[in-house]
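Small disclaimer: the values here were computed from a predicted structure and weren't measured. In what follows, chains carry the letters A, B, and so on, assigned in the order in which the sequence lines appear, proteins first and then strands, with residues in each chain numbered from 1.
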Amino acid sequence: MKKTVMIVDDSLFVYEEMKSMLQDTEFVIAAYVKSGEDAIEKYGEVCPDIVTMDVILPGLDGINTSEEILKRAPDAKIIVVSSLAYDDTIERAKSIGAKAFLYKPIGKKALIDALNDALA
Amino acid sequence: MDDTILCLADLSEILDTAMKDISVRVAGLKVHSVLEEEARTLSKKEIYSLVISTQGDYSISIVLSTDAKILYTITSNMKRGRALEEGDIPIYAGEFFNILCGHIVSTINIKQHIRARFGIPVLKRRTEQAKFGRTSHRHFYRCQEGIMELEIIF
């Protein structure tokens with residue numbers, strides 16, 4: 001059975017790229033949302049195996065959203081995605097329990113490896 | 001940002017590396033640096049600017065200015081042949097700029113051991129020679145479709 005992924009990113013480009021990269025893999029996109037508030041709500045409905053979470057979002061940012069999801073579902077697997085590779089958000093993401101950090105632009109191998117590692 | 005922290009030569013290298021790399025990898029545009037004199041055609045056209053400002057250990061604004069044709073090309077290339085829809089340009093060109101600025105700000109952060117972040121890029125129409133009232137450092141790039149100006153404002 002394919003593993004389900006929820007993409008949280010305000011950029012349609014990231015969603016389209018990930019959709020293309022995940023074609024013919026063991027992963028399937030179960031949900032795509034553009035805001036932290038929607039992510040929290042959708043996570044409860046979909047219960048995806050893994051979440052990719054952009055840091056910069058309109059409203060609640062990706063780190064606070066991840067923290068809230070992990071508070072409600074401590075076993076949630078979250079990969080934080082950002083265009084900023086050196087920032088205290090990376091440390092904060094690790095401290096709240098994010099499984100990995102991906103730096104944009106994301107390549108297919110990096111994405112699949114991160115998804116597999118996070119679920120291992 | 002105090003310009004004594006990072007010399008202009010270092011800053012130029014950071015801008016050039018990020019601009020050339022991200023333009024190819026994300027937007028499929030091969031760009032090369034040109035002198036300001038060669039870039040003057042940009043100021044005669046209808047110009048749009050993508051803007052971010054940093055917060056944290058230093059405050060700078062990064063502005064990418066270009067014309068509608070290049071924004072269209074960036075968006076079209078990022079959509080990989082899918083039809084453009086209304087509202088696509090701010091989303092796709094904005095993400096291109098977000099990634100570009102991420103690489104610029106990350107490199108400054110790493111080189112200087114300082115930290116700054118930025119928010120969602122804003123796309124606005126630039127009035128002729130609009131300036132932001134602070135010291136700036138500008139680079140110009142040419143691609144097949146025209147000219148782009150990348151400016152850092154301290």
Side-chain angles (χ1 to χ4, degrees), chain A residues 7-24 32-39 52-66 79-95 98 101-111, chain B residues 14 18 21-29 50 52-58 62 74-123:
Chain A
I7 297 170
V8 185
D9 202 303
D10 62 323
S11 168
L12 198 56
F13 169 69
V14 172
Y15 165 65
E16 295 287 355
E17 287 289 287
M18 286 193 184
K19 189 168 78 172
S20 168
M21 289 177 206
L22 295 179
Q23 268 178 358
D24 305 320
Y32 165 56
V33 293
K34 294 183 175 182
S35 74
E37 290 82 355
D38 287 348
T52 68
M53 179 74 66
D54 189 22
V55 172
I56 301 169
L57 293 169
L60 199 61
D61 73 21
I63 301 297
N64 288 323
T65 302
S66 299
I79 295 173
V80 172
V81 176
S82 179
S83 59
L84 262 176
Y86 186 80
D87 185 49
D88 54 0
T89 52
I90 299 175
E91 286 156 31
R92 219 179 128 215
K94 283 181 190 164
S95 74
F101 180 86
L102 281 175
Y103 185 34
K104 293 182 183 180
I106 304 162
K108 181 173 179 174
K109 185 178 183 305
L111 176 63
Chain B
I14 291 168
D21 177 39
I22 299 304
S23 294
V24 169
R25 286 169 64 199
V26 177
L29 286 183
L50 285 153
I52 63 100
S53 295
T54 65
Q55 294 176 323
D57 291 344
Y58 59 95
I62 305 176
I74 289 170
T75 304
S76 181
N77 289 352
M78 289 173 76
K79 290 200 76 172
R80 299 176 196 272
R82 294 189 307 279
L84 262 65
E85 293 167 21
E86 196 178 343
D88 275 348
I89 287 178
I91 294 168
Y92 285 82
E95 181 63 10
F96 162 74
F97 186 60
N98 172 50
I99 296 171
L100 173 65
C101 292
H103 281 246
I104 292 169
V105 173
S106 296
T107 309
I108 294 171
N109 289 351
I110 290 164
K111 278 183 180 279
Q112 301 303 315
H113 306 288
I114 49 181
R115 291 173 181 185
R117 66 179 70 175
F118 57 87
I120 295 169
V122 176
L123 175 65

Rounded to the nearest 0.5 angstrom, the OG-CZ distance for B:Ser76 and B:Arg82 is 10.0 Å
Taking the inter-plane angle between the rings of B:His103 and A:Tyr103 on a 0 to 90° scale, is it parallel (under 30°), tilted (30 to 60°) or perpendicular (over 60°)? parallel
At a heavy-atom separation under 4.5 Å, does B:Phe118 approach chain A through its side chain, its backbone, both, or neither? both
Expected contact set for residues 57-66 of chain A against chain B at heavy-atom separation under 4.5 Å reads A:Leu57, A:Pro58
For chain A, which of B:Val105, B:Ile104, B:Leu100, B:Asn98 has the most heavy-atom pairs under 4.5 Å? B:Asn98
Exam field: side chain B:Asn77 to backbone B:Ala27, donor-acceptor pair closer than 3.5 Å: yes
Flag side-chain contact, heavy atom, 4.5 Å: A:Phe13 against A:Lys104: no
Please flag which part of B:Ile22 lies under 4.5 Å from any non-hydrogen atom of chain A: side chain, backbone, both or neither. side chain
Side chains of A:Asp9 and A:Thr52: closer than 4.5 Å at any heavy-atom pair? no
Nearest heavy-atom neighbours spanning A:Tyr32 and A:Asp10: OH-C, 4.1 Å
Name the residue from A:Asp54, A:Val80, A:Ile79 that meets the side-chain contact (heavy atoms from CB on, under 4.5 Å) definition with A:Leu102. A:Ile79
